[in-house]
Amino acid sequence: MLVGLDDTDSREGMCTTYLCARIIAALEDSAAIEGLPRLVRLNPNIPYKTRGNGALAFAVHGDPDVVWETVTDMIAASRMPGPDTNPGAILLDAPSPPPVLEAFYRRALHEEVGIDEAKELALHLGARLFFCGNGRGIIGALAAVGARITSPTYELIAYRELGSIGTPRYVDALSVSDMDAALYPSVFDSYDARNGYVAIAPRSPCPVLYGIRGTSREAVCSAAAMVRSEPVSFSQVFETNQATDAHIEDADTAGLRRYRSVRLRGRVSDAPHDVHHGHVFFSLSDGVGSVICAAYEPTKEFRAVVRALAVGDDLTVWGGVMETPFGLTLNLEKLEIHTLASLVRPVVPKCCGTSMQSIGFSQGYRCRRCGAKVPWDAVPKVAVERGVHPGRYEVPVIARRHLARPLALMPCP
Ligand code: ATP
């Protein structure tokens, strides 16, 4: 049978991965867990998420009544107070998810899904259903069970000892940097050297000490052995859809909708410009329409690439579509420059021993002394050094989304 759960945590504490791992430990004597539990990331753009919009699922063999009682009792006992915590769980007595649930997973990745339709689907499937509050967690619980992950990645999550939860974490940054240097890219998104950021340790008061992501179970286990930290209470490896780009769909500008994440190709149609707080915006047109693309301040050095773009550059961009006062805006996760527009600047001609004067933009030059003119077409020009090259660029680890595939794991273009 398949169990899914979600939305048991809040910004004040708890973590659904922790609860899932505790449930699995509690079932050890009464049931048999099949394979690894799954940590499934859903639509990163919806507003309801606490942090990374993760939901959990596992496959288990045993007495459904015992399993269900353990799951629901433990969720009820650990529920965090507050309107933003709306736990949900389902139990589906089937060896594998039906196609309709897989389709539901895809929708939960790409769109905003309603609570009522999730509850109806659970009832239609004959699943057992448990929820508190408005039951929003049912959406994630169903989607996690339905997820088909063709090329999964893995995350080892180490949890803190009970007495340490809520106190400052100790994870030795140098050991994380050494581990990253030794195992990248089979272990990824661990350390951002340029920004001095240890990405494996969360900043919230949750029970997680660190989470190490990698392309195999062996890689994340080797990495954990290299990290120096405060004592680990226990750890659990999850199979995940992280770093798979599962949230990305190919689209053109006519197909953009709020909360979708897309890949689209076009040409820069409005040059990049900075606005307050260091955010950088430009427009991209694809012959159908255009969209504003944004590299916000947290994307750090990625903005230097964006600032170097010019009108006419041919790009593919990846990102999440959000509604802003300026219209639909694509929050960039990565981009590929196919070709750069060739930019030239004029070499100001000289006459009568001095530089000639511009007559106007692209109009040519006139000599201040003798009045001689050089038309624009006859003005010598030199190519402008662009300061950026064709190729792929991504936001740094400090700004990376859970689902975004790092370039190091993508095949060469
Ligand atoms: P954490 O990463 O710490 O586990 P979180 O970011 O996963 O937290 P949740 O507390 O799980 O946040 O809250 C996300 C809520 O949004 C859940 O109730 C989940 O069911 C719901 N949800 C997930 N995907 C969608 C979607 N596509 N449409 C509507 N609701 C969704």
Side-chain angles (χ1 to χ4, degrees), residues 3-23 37-57 75 78-90 101-122 127 129-147 155 157 159-160 165 189 199-211 213 236 238 240-242 246-249 257-261 320-322 400-404:
V3 174
L5 61 151
D6 194 13
D7 209 343
T8 64
D9 53 1
S10 77
R11 288 188 193 280
E12 280 68 53
M14 260 306 285
C15 169
T16 309
T17 71
Y18 177 76
L19 185 57
C20 179
R22 299 308 310 161
I23 290 171
R38 297 200 295 174
L39 166 56
V40 177
R41 299 287 175 179
L42 301 171
N43 192 333
N45 307 316
I46 56 144
Y48 313 106
K49 62 182 185 171
T50 308
R51 284 175 292 264
N53 203 6
L56 279 297
I75 293 178
S78 61
R79 185 186 173 197
M80 293 295 291
D84 295 333
T85 303
N86 296 291
I90 65 146
L101 213 46
E102 200 186 310
F104 184 83
Y105 160 63
R106 294 202 188 291
R107 285 193 50 223
L109 266 177
H110 304 307
E111 303 169 20
E112 179 177 1
V113 181
I115 300 174
D116 287 343
E117 60 176 311
K119 288 179 182 166
E120 274 165 32
L121 176 59
L129 197 59
F130 170 87
F131 62 90
C132 309
N134 67 17
R136 177 168 294 283
I138 296 292
I139 298 172
L142 279 170
V145 166
E155 178 161 354
I157 303 186
Y159 297 97
R160 308 185 74 186
I165 297 172
D189 291 357
I200 64 171
R203 272 73 187 154
S204 65
C206 72
V208 174
L209 178 58
Y210 58 75
R213 293 154 189 217
Q236 174 71 56
F238 296 89
T240 93
N241 64 346
Q242 293 169 165
H247 61 315
I248 299 284
E249 296 176 291
R257 305 278 178 273
R258 180 177 78 146
Y259 302 153
R260 277 185 87 188
S261 297
V321 181
M322 301 301 282
R400 190 99 81 227
R401 291 203 132 159
H402 300 285
L403 281 162

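When a ligand or atom number is given, it counts from 1 through the structure's own listing order.
- Annotation: atom 2 (O) of ligand 1 to nearest protein heavy atom, Gly52 N, 3.1 Å.
- You'll find the side chain of Leu39 reaches within 4.5 Å of the side chain of Gln242, heavy atoms only.
- The atoms of ligand 1 that sit less than 4.0 Å from any heavy atom of Glu111 are 26 (C), 27 (N), 28 (N).
- Ranking protein heavy atoms by distance to atom 13 (O) of ligand 1, first place goes to Tyr48 O, 3.6 Å.
- Counting only distance, with no hydrogens or angles, the side chain of Arg41 and the backbone of Gly52 share a donor-acceptor pair below 3.5 Å.
- Under 4.0 angstrom from ligand 1, the non-hydrogen atoms of Asp7 come from both its backbone and its side chain.
- Looking at Asp7 and Thr16, their side chains never come closer than 4.5 Å, going by heavy atoms from C-beta outward.
- In this structure, Val113 and Leu142 have side chains that are not in contact, with every pair of non-hydrogen atoms separated by 4.5 Å or more.
- Less than 4.0 angstrom separates some heavy atom of Leu42 from each of these atoms of ligand 1: 23 (C), 24 (N).
- When all heavy atoms of Asp9 and Thr85 are compared, the pair lying nearest together is O-OG1, 3.1 Å.
- No side-chain donor-acceptor contact under 3.5 Å links Asn241 to the backbone of Ala246.
- Polar contact check, Arg136 against ligand 1: a nitrogen or oxygen pair lies under 3.5 Å apart.
- Both the backbone and the side chain of Asn53 come within contact range of ligand 1, each with a heavy atom under 4.0 Å.
- Atoms of ligand 1 found under 4.0 Å from any heavy atom of Arg41, numbered from 1 in the order shown, are 2 (O).
- Here the side chains of Asn45 and Val321 are not in contact, with every heavy-atom distance at 4.5 Å or above.
- In this structure, atom 9 (P) of ligand 1 lies nearest to the protein heavy atom Thr50 OG1, 3.5 Å.
- Listed for the Asn86 side chain is a donor-acceptor partner under 3.5 Å among the backbone atoms of Asn134.
- Residue His402 does not touch ligand 1, judged by heavy-atom distances below 4.0 Å.
- In this structure, Asn53 contributes its side chain and Asn43 its backbone to a donor-acceptor pair below 3.5 Å.
- Those atoms of ligand 1 with a heavy atom of Gly140 less than 4.0 angstrom away are 19 (C), 20 (O).
- Remark: distances from the non-hydrogen atoms of Gly137 to ligand 1 include one below 4.0 Å.
- Between the Arg51 side chain and the Ser204 main chain, no donor and acceptor come within less than 3.5 Å of each other.
- Taking atom 19 (C) of ligand 1 as the reference point, the nearest protein heavy-atom neighbour is Asp6 OD2, 3.1 Å.
- At under 3.5 Å, a nitrogen or oxygen of Val113, whether backbone or side chain, sits near a nitrogen or oxygen of ligand 1.
- Any N or O atom pair closer than 3.5 Å counts here, and Gly54 shares at least one such pair with ligand 1.
- Here's the thing with Asn86: none of its N/O atoms is less than 3.5 angstrom from an N/O atom of ligand 1.
- Of the polar atoms of Asp9, at least one N or O is found under 3.5 Å from an N or O of ligand 1, judged by distance alone.
- When only modelled atom types and interatomic distance are considered, Thr8 and Tyr18 share no side-chain donor-acceptor pair under 3.5 Å.
- Nearest to atom 22 (N) of ligand 1 among the protein's heavy atoms is Ile46 CD1, 3.6 Å.
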